[in-house]
Structure formats: C-alpha cells, structure tokens
Amino acid sequence: MFNFIFLYFPRMKNLNLFLILLIVNTVYSQQSLEARFLKKIKADWDHFVGVDQFDALYFIENETLYKKENKKIQTYSNLQLGKIDHVQVFNTLKIVAFHKNQNTVVLLDNRLAELVDINFNTIAPYRILNKVTLGSDTTFWIFNTLTLQLELFDYETNKTKLSTIPLEDSVLVMNSDYNNLYVLTPSYFYQFNYTGSLLQKIKNDGFEDFSVMNGVYLFKKNNKLYYKDQNANEFRSLEIPKNLIKQFFVMNQTLYIYDGEFLNHYQLIKD
C-alpha cells in the first residue's frame, strides 16, 4: 500500500525534492497483511513441523516423523537416536532431522529414507550443537554452544567453511532458505546471507518464534502473531481469531496454525 504526499511547489526547481519525498515515502510505507480463514482439519499431534511446497503435511508423534500427502503416509524414526528435536522441510529432497540429545543430524529424502547421518561426537574439533538448518549444496548451518558461533559446515568433508563472530547469547530458533540464514535469540533477530555477512539485527522484544514469507517477517509473542516488512521499522499485529498457537508455519502464502486440536489454514493477503 503506497502513501502519496501531495505538496504544492510554486517553482519547478522544487520538483526534484517533491519526487524524492514521494519515492521515500512509497518505499518505506509498510503494506498491511490480512489473514483470511480458509479451513481447519482435525489433528492430534505432539508437534506440527510444517508443510512443503507440494502441500504435504509433516508432524511428529511418539518420536516418529510423519509425512502425509493426500492419503499416503510415510514415516521416519530411529530407535538408537531417539527424540527428534527439529525438522526442516524447506528442501524436500534434503529434509533435516536433528537429534539433539545424540548430537546427530540425519538427512532424509522425499520418502523419509535416510541419506546420511552426521554424528558430531566423532568429529574434531568437538562441537555441541544447539540448532541446525540446511545450507546450500552439501552444507548445514549449525550453532555451536561451545563457541556461541554459527558455522557453515560441509558434511562431505566434515569441515567448517566459515564461522560468524560469537553471538551474545543462545539461539531460540534458527531457519534458512537458499540465500539467507535467520536466527532468533533472546536478545536479537539476525539475518545473514549465504556468506555469513550480517544483513539485519533487530531487537527482540519478547518474540518466541518466527517464520519468513517473501520479505515479510512473522513473529509469535504471548500467543499472538506480529509482522514486519523487511525494510519497515514497526511491528504490526496480525488479526486472527483468539486460538492457542502451539506452532505456526508459512508456505505458499498460506499460514498454518496448530492449536493442539486443529490445523487452521489462513490465506495471507497483502493490501
């Protein structure tokens, strides 16, 4: 949504100033975001993971990862590794399953079959992983709690390709896409590019979780959702019915909210 400023300038030499003011106000005005309810489906899961680009649902129940696509269900579990602490389904050909207690990352294919597992207990120098998310090619982004650094780790060579400077505190949530790494700590929200350069650092005012959609950040705080355009300064409340938000996820302009009983679908519309 564009905000236009109409000013009267008696002299043509002021036209350039008028155009500059118009452009600046247009670029930095934040578009409003509407969540339009679509449907809800009955669900009874331990944890809602997310939805891939083909609309397959992923969830965890009894330490087993499920993929449900139409009526077809596929599963992944590992009795030796036990609890699955985090799953990333951004790339369906390389699904990340992180077993935090075992300090191990497992890559799965689109049938949830194991491609490779990386046990960081056996790799020098020793690392204790807190969060893991997919990088490009043969890499993961990992957060090493021993150094408080983010590392781009190549799982074919077992070497770190680059490291960031230490963060100020632990990581709450970490996610990525093909070009960026997003990190939420108790103090800040960070955005890094694929080379590890810091692009944004935003004060965290009590946010607990986040998702990213086409340059829009969505954050959860106190059972409410807030959004902000990448270049905007203010956060706005996203108006949705007052339901419990156990987990939320955004894919293909659709917001998914799991409330413990139902998976609610909302279409996200920019005004």
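Quick caveat, the model's predicted, so the values are computed rather than measured.
- For the pair Arg127 and Glu151, the salt-bridge criterion is met [side-chain N within less than 4.0 Å of a carboxylate O].
- Between the side chains of Thr139 and Asp137, no donor N or O sits under 3.5 Å from an acceptor N or O.
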*Check the pair Asn252, Thr254 against side chain to side chain donor-acceptor pair (under 3.5 Å), reporting the backbone distance first and the verdict last.*
CA-CA 5 Å; Asn252 295 334; Thr254 302; over 6 Å; no
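- In the model, Thr164 has no side-chain atom that pairs as donor or acceptor with a side-chain atom of Gln149 under 3.5 Å.
- Residues Ile202 and Val212 fall within the same hydrophobic cluster, defined by Ile, Leu, Val, Met, Phe, Trp and Tyr side chains chained together at heavy-atom separations under 4.5 Å.
- Distance CG/Asn231 to CG/Asp229: 8.0 Å, rounded to 0.5 Å.
- Between the side chain of Glu208 and the backbone N or O of Asn222, at least one donor-acceptor pair lies under 3.5 Å.
- Asp109 has no carboxylate O lying under 4.0 Å from a charged side-chain N of Lys94, or vice versa, which leaves the two without a salt bridge.
- Put simply, the side chain of Leu150 reaches to within 4.5 Å of the side chain of Phe192, judged on heavy atoms.
- Between Phe219 and Tyr227, the ring center distance fails the sub-6.0 Å criterion.
- For Gln247 (side chain) and Phe48 (main-chain N/O), a donor-acceptor pair under 3.5 Å exists by modelled atom type.
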*Evaluation steps, ring-ring contact (aromatic ring centres under 6.0 Å, His included), between Phe235 and Tyr226*: CA-CA 6 Å; Phe235 290 91; Tyr226 300 83; 7.5 Å; no
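- Here the two rings, on His47 and Phe59, have centers that are 6.0 Å apart or farther.
- Annotation: side chain of Val250 is in contact with side chain of Leu268 (closest heavy-atom distance under 4.5 Å).
- Judged purely by distance below 3.5 Å, without hydrogens or angles, the side chains of Tyr58 and Asp52 pair a donor atom with an acceptor atom.
- Tyr76 has its ring centre no less than 6.0 Å from the ring centre of Tyr66.
- In this structure, the side chains of His265 and Ile41 come closer than 4.5 Å at one or more pairs of heavy atoms.
- For Phe189 and Phe210, the ring centers are positioned less than 6.0 Å apart.
- A donor-acceptor pair under 3.5 Å is formed between the side chain of Asp259 and the backbone N or O of Glu261.
- With hydrogens and angles disregarded, a donor-acceptor distance shorter than 3.5 Å links the side chain of Lys67 to the backbone of Asn110.
- Residues Asn91 and Val96 have side chains not in contact (no heavy-atom distance under 4.5 Å, counting atoms from C-beta outward).
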_Apply side-chain contact (heavy atoms from CB on, under 4.5 Å) to residues Asn180 and Leu199 and explain how you reach the verdict._
CA-CA 9 Å; Asn180 299 283; Leu199 301 180; 3.5 Å; yes
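- Counting only distance, with no hydrogens or angles, the side chain of Asn78 and the backbone of Gln80 share a donor-acceptor pair below 3.5 Å.
- Checked against the 6.0 Å centroid criterion, the rings of Tyr178 and Phe90 qualify as a close aromatic pair.
- Asn223 places a side-chain N or O within 3.5 Å of a backbone atom of Ile245 that can act as its donor or acceptor partner.
- Across Asn130, Leu81, Ile128, a single residue satisfies side chain to side chain contact (heavy atoms under 4.5 Å, CB included) together with Lys100, and that is Asn130.
- Checked for salt-bridge contact, Lys203 and Asp205 miss the test: no charged N lies under 4.0 Å from a carboxylate O.
- Judged purely by distance below 3.5 Å, without hydrogens or angles, the side chains of Ser187 and Asn204 never pair a donor atom with an acceptor atom.
- Between the side chain of Lys68 and the backbone N or O of Lys72 there is no donor-acceptor pair closer than 3.5 Å.
- Looking at Ile240 and Leu225, their side chains come closer than 4.5 Å, going by heavy atoms from C-beta outward.
- Remark: side-chain polar atoms of Asn264 are not paired, donor with acceptor, to backbone N or O of Lys40 under 3.5 angstrom.
- With hydrogens and angles ignored, the 3.5 Å screen pairs a side-chain donor or acceptor of Asn103 with a backbone N or O of Leu129.
- Note on Leu263: it clusters hydrophobically with Ile60, by side-chain heavy-atom contacts below 4.5 Å among ILVMFWY residues.
- Annotation: the span from Asp117 atom CG to Leu107 atom CG amounts to 9.5 Å, rounded to 0.5 Å.
- No side-chain donor-acceptor contact under 3.5 Å links Asn121 and Gln102.
- In this structure, Lys42 satisfies the cation-pi test against Phe262, with its NZ or CZ atom closer than 6.0 Å to the six-membered ring centre and inside 45 degrees of the ring normal.
- Stacking of Lys201 on the aromatic ring of Tyr188 is recorded, both the 6.0 Å distance cut-off and the 45° axial limit being met.
- Two residues are said to be in side-chain contact when any heavy atoms from C-beta on lie closer than 4.5 Å; Phe249 and Val89 meet this criterion.
- Here the straight-line distance linking atom OG1 of Thr92 with atom CD of Glu69 works out to 9.0 Å at 0.5 Å rounding.
- A donor-acceptor contact closer than 3.5 angstrom links the side chains of Gln200 and Tyr217.
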